[in-house]
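Here's the structure we're looking at; comments come further down.
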Amino acid sequence: MAPSTRSVNFIRQIIDHDLETGMHRQIVTRFPPEPNGYLHIGHAKSIWLNFGIKDDYGGQCMLRFDDTNPEKENQEYLDAIEEDVRWLGYAWTRITHASDYFDQFHDYAVNLIEQGLAYVDSQTPDQIRSNRGTLSEPGTDSPYRNRSTRENRKLFHDMKAGKFPDGTHVLRARIDMSAANLNLRDPVLYRIRHHEHPRTGNRWCIYPMYDFAHGQADAIEGVTHSLCTMEFEDHRALYDWFIEHLPVPSRPRQIEFSRLNLNHTVMSKRMLTLLIEQEYVSGWDDPRLPTLAGLRRRGYPPESIRNFIGAVGITRKNNLIDVGLLENCVRETLDPVAPRTMAVLDPLKVVIENYPEGQFETLEVPNHPGNPDMGTRKITLGREVYIERDDYMDDPPKKYFRLGPDREVRLRYAFIIRCTGIVRDASGRVQELRCRYDPDTRGGNAPSGRKVRGIIHWVSVQHCINAEARLYDRLFSSPDPLSGDRVFTESINPASLESRHQCKLEPGLGQPAADTRYQFERKGYFYPDRDSRPGHPVFNRIVTLRDTWARISRQRIT
RNA sequence: UGGGGUGUAGCCAAGUGGACCAAGGCACCGGGUUUUGAUCCCGGCAUUCGGAGGUUCGAAUCCUCCCACCCCAGCCA
């Protein structure tokens with residue numbers, strides 16, 4: 001982005017101000033995922049924001065696992081999250097866990113009890129709910145709200161000691177049951193959960209709620225700006241209440257921004273989990289998913305995701321961003337660096353009748369037309385080649401520049417050929433093309449001065465390798481699958497994955513370079529999948545090239 | 001009918017009362033270059049900022065009212 005167009009998002013403006021006024025000397029942020037699922041591109045926004053601030057301001061950023069609910073969290077997720085953050089290109093100052101501070105949180109809770117600001121409530125969950133009131137009516141005080149400090153201290157101690165079953169008591173803050181902000185109606189601080197925790201094992205049977213853990217963890221870590229998404233805005237009053245009433249070591253400030261929404265996909269962990277469990281997709285790293293693991297497997301370079309987030313920006317507005325913008329970001333990062341190669345995804349055999357049988361010739365071609373530094377490679381041409389099936393039409397429409405009966409086209413980097421015959425199978429389907437080539441048109445321009453508009457890619461029948469290509473498209477046909485009253489899985493795009501098993505590739509692709517995304521000329525960017533086996537390469541299509549012809553032919557139809 | 005937010009082009013998004021008859025990106029529409037219908041390049045794309053009033057010499061920016069959309073009633077985060 002040019003300097004003149006660069007603007008600073010509202011959070012950085014706040015930080016700049018806090019630095020100028022001397023409120024802070026160093027900025028500390030944190031990225032606080034709950035380890036109950038894999039990270040997706042929405043998290044990338046938060047990661048980009050928090051770690052980006054750390055990097056640009058010479059500050060600190062913690063990777064903090066918000067592990068306050070042992071029933072949903074596990075080690076697999078902890079590991080995956082670390083890997084994804086690292087892959088995205090960020091380094092944390094420290095890894096921490098909310099559970100690192102369980103002792104401290106407990107002491108804070110006792111502190112509130114001593115101040116008369118917390119009490120043990122022994123109502124049932126149903127009673128608590130119905131006594132909370134509604135959006136427009138105040139709640140009702142719990143009959144246990146006025147227990148003595150002594151009694152509360154004892155009960156809380158017994159909760160901690162494991163003397164009660166789950167759900168029998170909770171510790172609540174004593175704030176205001178008639179507050180307009182529901183979060184202030186005596187929120188639950190601790191609940192009993194006889195459940196093993198991935199890190200603290202069986203040491204605890206009471207676990208703090210998010211609201212009671214998050215801000216205090218921020219304060220303990222010296223977080224200066226606690227950045228979270230808009231749905232926590234109503235919680236800020238509670239966040240501040242704890243900070244004010246507890247002897248915390250610092251005073252963090254919560255600032256909210258809006259989460260990222262992408263069209264033609266779903267982002268919520270609940271929906272992603274459902275797609276995986278019901279096997280609509282193959283797992284958390286299915287290349288159709290917006291998870292970081294999925295995007296990584298698909299072939300998205302981390303840089304392209306960072307650029308995308310930067311392009312989208314940080315605001316407080318609801319948004320639904322066009323996935324086309326993401327696709328544009330990959331193309332933009334891949335175009336200058338991806339080595340070119342020719343690959344035929346849907347092969348149609350062409351026999352060049354006037355090319356001598358058994359004869360081959362080698363052509364030296366550039367790996368990147370715009371960057372000679374990327375070198376050249378040698379490819380082989382012979383009498384038989386494969387071309388793309390849709391580079392031939394029996395009855396070509398206007399503006400179709402490719403092959404048709406008695407039409408000419410250039411084989412990229414090689415000769416001009418003319419289609420002189422069509423071989424069909426019993427059903428009439430084109431099985432093979434017979435062509436003649438003009439030996440004077442090798443490589444450069446035609447001596448006759450003849451211009452051929454169409455250039456198509458090809459591969460030598462005798463020299464290509466067979467491969468599988470997985471062509472991905474958006475997972476949902478609907479731009480906003482969760483809207484409307486249909487079940488969201490009904491709008492899953494049946495063509496979101498198309499596997500082609502008979503692709504013909506240049507032989508060099510048998511051993512693809514490590515971590516390299518290739519451009520299959522005219523077809524898109526491709527990345528080797530981990531399902532590849534010796535003799536059976538598998539490539540994922542990251543994204544197609546921009547395709548003006550597809551647009552023109554679409555217009556013709558509509 | 002309670003509280004909290006947000007409204008600038010099809011999608012994002014700058015703009016923080018005066019050089020705004022409003023940046024930039026994506027998309028879209030032209031045109032040029034091109035042995036990828038790719039890339040690249042040039043041009044077009046809001047007399048108007050959710051609406052209506054008002055303050056001011058001057059308003060997208062301030063005030064008033066109205067409208068629309070989003071979030072909140074887990075012992076989830």
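Residue numbers begin at 1 in each chain, while the letters A, B, ... track the order of the sequences. Heavy atoms only: backbone and side chains are in, while hydrogens, waters and symmetry mates are out.
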(message) From CG of A:D390 over to P of B:G37, roughly how many Å is that when rounded to an integer?
(response) 12 Å
(request) Scan A:K269 against the nucleic acid and name what it touches under 4.0 Å (heavy atoms): base, sugar-phosphate only, or nothing. (result) nothing
(message) Does A:R129 reach a base, just sugar-phosphate, or nothing at all? Heavy atoms under 4.0 Å.
(response) sugar-phosphate
(request) With heavy atoms under 4.0 Å as the rule, sort A:R172 into base, sugar-phosphate or nothing. (result) nothing
(message) Over all strands shown, is A:R522 touching base, sugar-phosphate only, or nothing at heavy-atom distances under 4.0 angstrom?
(response) base
(message) Under 4.0 Å, heavy atoms only, any strand: does A:E71 hit a base, just the sugar-phosphate, or nothing?
(response) nothing
(request) Using a strict cut-off of less than 4.0 Å between a Lys/Arg side-chain nitrogen and an Asp/Glu carboxylate oxygen, indicate whether A:R172 and A:D186 qualify as a salt bridge. (result) no
(message) Heavy atoms only, 4.0 Å cut-off, all strands: where does A:Y400 land among base, sugar-phosphate and nothing?
(response) base
(message) Can you measure A:L262 atom CG to B:C11 atom C1' for me and round it to whole angstrom units?
(response) 11 Å
(message) Does the structure show A:W549 stacking with B:G37, if we require the centres to be closer than 5.5 Å and the planes to be within less than 30 degrees of parallel?
(response) yes
(request) Give a yes/no answer on whether the side chain of A:N328 brings an N or O atom under 4.0 Å of OP1 or OP2 in B:A27. (result) yes
(request) Would you indicate what A:S258 reaches in the nucleic acid, counting non-hydrogen atoms under 4.0 angstrom: base, sugar-phosphate, or nothing? (result) nothing
(request) Just name whichever nucleotide pairs with B:C69, Watson-Crick or G-U, keeping both distances under 3.5 Å, else none. (result) B:G5
(request) Using a 4.0 Å heavy-atom cut-off across all strands, classify A:R316 as base, sugar-phosphate, or nothing. (result) sugar-phosphate
(request) Would you indicate what A:P369 reaches in the nucleic acid, counting non-hydrogen atoms under 4.0 angstrom: base, sugar-phosphate, or nothing? (result) base
(request) Answer yes if the ring centres of A:F156 and A:H169 are under 6.0 angstrom apart, and no otherwise. (result) no
(message) Under 3.5 Å for both donor-acceptor distances, Watson-Crick or wobble: does B:G74 have a partner, and if so which one?
(response) none
(message) Looking at the base of B:A77, is there any donor atom on it, or on the side chain of A:H235, that sits under 3.5 Å from an acceptor on the other one?
(response) yes
(request) Would you mind checking if A:D473 and A:R541 are paired as a salt bridge, meaning a charged N to carboxylate O distance below 4.0 Å? (result) no
(message) Strictly by Watson-Crick or wobble contacts shorter than 3.5 Å, is anything paired with B:U64, and which nucleotide is it?
(response) B:A52
(message) Base, sugar-phosphate or nothing for A:F232? Non-hydrogen atoms, less than 4.0 Å.
(response) base
(message) Any base atoms under 4.0 Å from A:R551, or only sugar-phosphate, or nothing? Heavy atoms, all strands.
(response) sugar-phosphate
(request) Just call it for A:H214: base, sugar-phosphate, or nothing, with non-hydrogen atoms closer than 4.0 Å on any strand. (result) nothing
(message) Does B:A13 have OP1 or OP2 under 4.0 Å away from a side-chain N or O of A:T315?
(response) yes
(request) With heavy atoms under 4.0 Å as the rule, sort A:V170 into base, sugar-phosphate or nothing. (result) base
(request) Identify whether any heavy atom of A:Q123 sits under 4.0 Å from a base atom; if not, whether one sits that close to sugar-phosphate; answer base, sugar-phosphate or nothing. (result) base
(message) Ignoring hydrogens and geometry beyond distance, is a side-chain donor-acceptor pair present between A:D126 and A:T124 at under 3.5 Å?
(response) no
(message) Output the rounded distance in Å from CD (A:E332) to C1' (B:G24).
(response) 13 Å
(request) Compute the ring centroids of A:Y210 and A:F232, then answer whether they are less than 6.0 Å apart. (result) yes
